[in-house]
Number of protein chains: 2
Amino acid sequence: MGEIPGLRERKKLRTRHALIAGALRLFLEKGYEQTTVSEIAMAADVSTRTFFSYFASKEEVVLCNARESLDHILRTFAERLPGESPADLLSRAVEMIFEALADDERGWEIAEVNRLVMTVPSLRAQALLLMFDAQHRMVDALQRAFPGELDAIEAAAAVGSVIGAAKLGISVGLKQGGPSQEVIGGCRRAVGLALAGLRAVAPFES
Amino acid sequence: MGEIPGLRERKKLRTRHALIAGALRLFLEKGYEQTTVSEIAMAADVSTRTFFSYFASKEEVVLCNARESLDHILRTFAERLPGESPADLLSRAVEMIFEALADDERGWEIAEVNRLVMTVPSLRAQALLLMFDAQHRMVDALQRAFPGELDAIEAAAAVGSVIGAAKLGISVGLKQGGPSQEVIGGCRRAVGLALAGLRAVAPFES
DNA sequence: TGCAAACTTACATCACGTGTACTTTTATGG
DNA sequence: CCATAAAAGTACACGTGATGTAAGTTTGCA
């Protein structure tokens, strides 16, 4: 059975990439609201209707990469390493996110997308929704990783506080400008503070 | 000059209330997406265009009360009580939110709105956006309340972890059903865990 | 009573998003 | 190599949310 992608699949992937790249270029050129879906479709040489068979909404074309990264991280987040405490597991998850943000050769693109998401309210809202649902999955994973040791509220407190600190740390760092290395450094410090707190409290210490 | 509201103001308030009440009734009756703005306007005996002079969007008519409550809380959050630590101040803010959620005589309406917001994705996204921006204001207020004692990252870590724990605590509690008193109890426990952590870390202890 | 400002309305317009039927392209089997 | 079926893409129509504009109506005030 077809280990080779096949012409059909390859064409789909090419169209999808053309839509994403064209959309991003247009958004950065003339602004998100000022760009219509019809223009994005024309730039990729497809019909407007076809755009919506690839992406459910105009926001999705910006956030689909972030969604995929999140999915990947959450899959590897599922299993607990031997001897790992809840705080350790969360720390490892956040480090995975940092790596996805920083180490890519697409660092420039990621930074541009971040700026776009932060400045466009509807994108910010969708991104927050994405992260909120991801946190629910993290709560489930954390409870499964420590069966009988954490109830739902304790898991929610752990995930919510660490990811909450990370989100606001990134956002505050971005708002006051500065190089992205510094922003990540600030966020890492914020997460460190939240984790230090967690480790001092009974159910998470080890 | 006009201490008495005036006929014009009273009429505006009545129309506004009619729009909110009618919208909420329709949303609960036949669902959020299934209700059009035109129907809401007809129920309040105004034109569709007038609806948008009262509310910027369909979501706004659901979230305007929450927005006002948040604004009120953030105003009173501004000043630090004598001898209060950052953790104390945050604890007080969260308690204010709990009171706004629980003690009202409109408890039923608030619960219904919460259920609506949680089940409709676009409302959930807007609500998260509202809270995210509120957290930024809390970071500013916290820094102003403790000048020279907290930098931006420390303030972000404190606000983000406590509010993050509260949000996820509420959401997890709501998801697994149960009476609203119990949900608030669970959230209070989640916040307590995050606060206990904060209090154990240097910049927030007292 | 009459004027000015605020409010409301009807109308036009645009973009997002979806349903549907039709055409084109790709895969497969004789 | 062609015929057929499945998949993808297209054209078209439509509903809804949201905004601009210019007129009409109500209110406050002199």
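Just so it is clear: chains get the letters A, B, ... in the order the sequence lines come, proteins before strands, and each one is counted from 1.
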Protein-nucleotide distance ([X], atom [atom1]; [N], atom [atom2]), rounded to Å:
X	N	atom1	atom2	answer
L19(A)	dA8(D)	CG	C1'	13 Å
R14(A)	dT26(C)	CZ	C1'	13 Å
Q34(A)	dT19(D)	CD	P	13 Å
F51(A)	dA15(C)	CZ	P	15 Å
F27(A)	dC16(C)	CZ	C1'	12 Å
Q126(A)	dC16(C)	CD	P	14 Å
R10(A)	dT25(C)	CZ	P	17 Å
L123(A)	dC16(C)	CG	C1'	14 Å

Below 3.5 Å is the cut-off: list the nitrogen or oxygen pairs between protein and nucleotides 2-4 of chain D, distance only.
none

Any luck finding a side-chain donor-acceptor pair between T50(B) and S47(B) under 3.5 Å? yes
No-hydrogen, no-angle side-chain donor-acceptor test under 3.5 Å, D88(B) and S85(B): yes
Are there any protein N/O atoms within less than 3.5 Å of an N/O atom in nucleotides 5-8 of chain C, and if so, which ones and at what distance?
{"unit_1": "dA6(C)", "atom_1": "O4'", "unit_2": "R8(B)", "atom_2": "NH1", "d": "3.4"}
{"unit_1": "dC7(C)", "atom_1": "OP1", "unit_2": "K12(B)", "atom_2": "NZ", "d": "3.0"}
{"unit_1": "dT8(C)", "atom_1": "OP1", "unit_2": "Y54(B)", "atom_2": "OH", "d": "2.9"}

Worked check of side chain to side chain contact (heavy atoms under 4.5 Å, CB included) between Y54(A) and K12(A): CA-CA 9 Å; Y54(A) 280 85; K12(A) 273 182 74 171; 3.6 Å; yes
Hey, can you tell me if F132(A) and H136(A) have their rings parallel, tilted or perpendicular (30° and 60° cut-offs)? perpendicular
Decide, yes or no, whether a salt bridge links [X] with [Y] under the criterion of side-chain N to carboxylate O below 4.0 Å.
X	Y	value
E95(B)	R92(B)	no
E9(B)	R16(B)	no
R144(A)	E79(A)	no
D133(B)	R67(B)	no

Would you give the length of the straight line joining atom CD1 of I40(A) to atom CZ of F55(A), rounded to the nearest 0.5 angstrom? 9.0 Å
Return the CZ to OG1 distance between F51(B) and T15(B), rounded to the nearest 0.5 Å. 13.0 Å
What's touching nucleotides 13-17 of chain D from the protein side, N or O pairs under 3.5 Å?
{"unit_1": "dG17(D)", "atom_1": "OP1", "unit_2": "K58(B)", "atom_2": "NZ", "d": "3.1"}
{"unit_1": "dG17(D)", "atom_1": "OP2", "unit_2": "V37(B)", "atom_2": "N", "d": "3.2"}

Using a 6.0 Å distance limit plus a 45 degree cone around the ring axis, check whether K58(A) lies over the aromatic ring of F52(A). no
